[in-house]
Amino acid sequence: MGKGKFNYNYAFLFYDANEIRVQKIFKVCKKYLSHYQYSVFRGEITPSKLISLKKELKKVMDEEEDFVCIIKLLNENSFEEEVLGKSHSSTGEDLII
């Protein structure tokens, strides 16, 4: 299966944003997922709502400064990580299973 053909039904989202945009990003995330802790959200989400979430995030974030990571789960054993915005330097811990 090629990228984009999966139907994700659960996601974890975490972010690190400039202080002036934190509240806007928080409010967008809260519309789609349950607030878990600080800048961490999780919950069930349909593929169409995931697209809407990403579109809204891109409108309020500065992709040169802010970081949003969405871990999309197909089931308990299969997931894909997607990063929006500034990617942090590689630490060798890019994929931890």
Side-chain angles (χ1 to χ4, degrees):
M1 253 190 207
K3 218 173 189 184
K5 294 185 181 180
F6 295 112
N7 285 326
Y8 302 101
N9 59 10
Y10 197 90
F12 286 91
L13 180 149
F14 50 93
Y15 65 87
D16 184 12
N18 185 299
E19 195 175 317
I20 60 175
R21 289 180 295 277
V22 166
Q23 284 302 317
K24 288 180 181 178
I25 292 173
F26 181 92
K27 285 179 183 178
V28 169
C29 295
K30 189 110 173 104
K31 284 172 58 176
Y32 294 92
L33 296 166
S34 297
H35 184 225
Y36 185 59
Q37 181 182 24
Y38 299 109
S39 57
V40 179
F41 290 81
R42 68 179 182 178
E44 292 182 11
I45 190 164
T46 64
S48 61
K49 289 204 186 256
L50 187 59
I51 291 167
S52 297
L53 168 62
K54 290 189 289 185
K55 282 182 185 175
E56 284 192 50
L57 284 170
K58 287 180 180 186
K59 287 179 187 175
V60 298
M61 67 185 287
D62 178 338
E63 292 193 42
E64 297 295 314
E65 291 186 22
D66 304 331
F67 169 85
V68 175
C69 180
I70 302 168
I71 298 176
K72 301 171 282 187
L73 286 80
L74 296 165
N75 60 49
E76 62 192 31
N77 300 315
S78 189
F79 68 90
E80 177 185 351
E81 180 177 303
E82 180 173 351
V83 175
L84 306 177
K86 183 180 178 186
S87 181
H88 294 294
S89 61
S90 179
T91 62
E93 295 179 330
D94 295 328
L95 181 60
I96 300 173
I97 301 176

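- The shortest distance between side-chain heavy atoms of Y36 and F14 does not fall below 4.5 Å.
- Minimum heavy-atom separation, H35 to Q37: NE2-C, 3.8 Å.
- V60 places none of its side-chain heavy atoms less than 4.5 Å from the side chain of R21.
- Taking the centre of each ring, F26 and F41 come in below the 6.0 Å mark.
- In this structure, F12 has its ring center closer than 6.0 angstrom to the ring center of Y10.
- In this structure, SG on C69 lies 9.0 Å from CD on E82, to the nearest 0.5 angstrom.
- In terms of heavy-atom proximity, E64 sits nearest to D62 at N-OD1, 2.8 Å.
- Closest of all the heavy-atom pairs between Y15 and S39 is O-OG, 3.0 Å.
- Annotation: side chain of L57 is in contact with side chain of I25 (closest heavy-atom distance under 4.5 Å).
- No more than 12 heavy-atom neighbours from other residues, nucleotides or ligands sit within 6.0 angstrom of NZ on K24.
- Considering NZ of K30 and CD of Q23, their distance stands at 11.5 Å, rounded to 0.5 Å.
- Counting all heavy atoms, side chain and backbone alike, A17 lies closest to V22 at O-CG2, 3.5 Å.
- Closest of all the heavy-atom pairs between A11 and L73 is CA-CD1, 4.4 Å.
- In terms of hydrophobic clustering, with Ile, Leu, Val, Met, Phe, Trp and Tyr side chains grouped at heavy-atom distances under 4.5 Å, I51 and L33 are assigned to different clusters.
- Contact of the K58 side chain with the L84 side chain is registered, since non-hydrogen atoms from C-beta on lie closer than 4.5 Å.
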Evaluate the criterion side-chain contact (heavy atoms from CB on, under 4.5 Å) for residue pair L53 and L13; output intermediate values, then yes/no. CA-CA 11 Å; L53 168 62; L13 180 149; 3.9 Å; yes

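- Note that the NZ atom of K72 and the CG atom of L50 stand 6.0 Å from one another [nearest 0.5 Å].
- The CD atom of E56 lies 9.5 Å from the SG atom of C29; values are rounded to the nearest 0.5 Å.
- Qualifying side-chain hydrogen bond (donor to acceptor under 3.5 Å, both in side chains) partners for N18, counting only residues two or more places apart in sequence or in other chains: E65.
- Taking both residues in full, the closest heavy atoms of Y32 and V28 are given as CD1-O, 3.2 Å, listed atom of the first, atom of the second, then distance.
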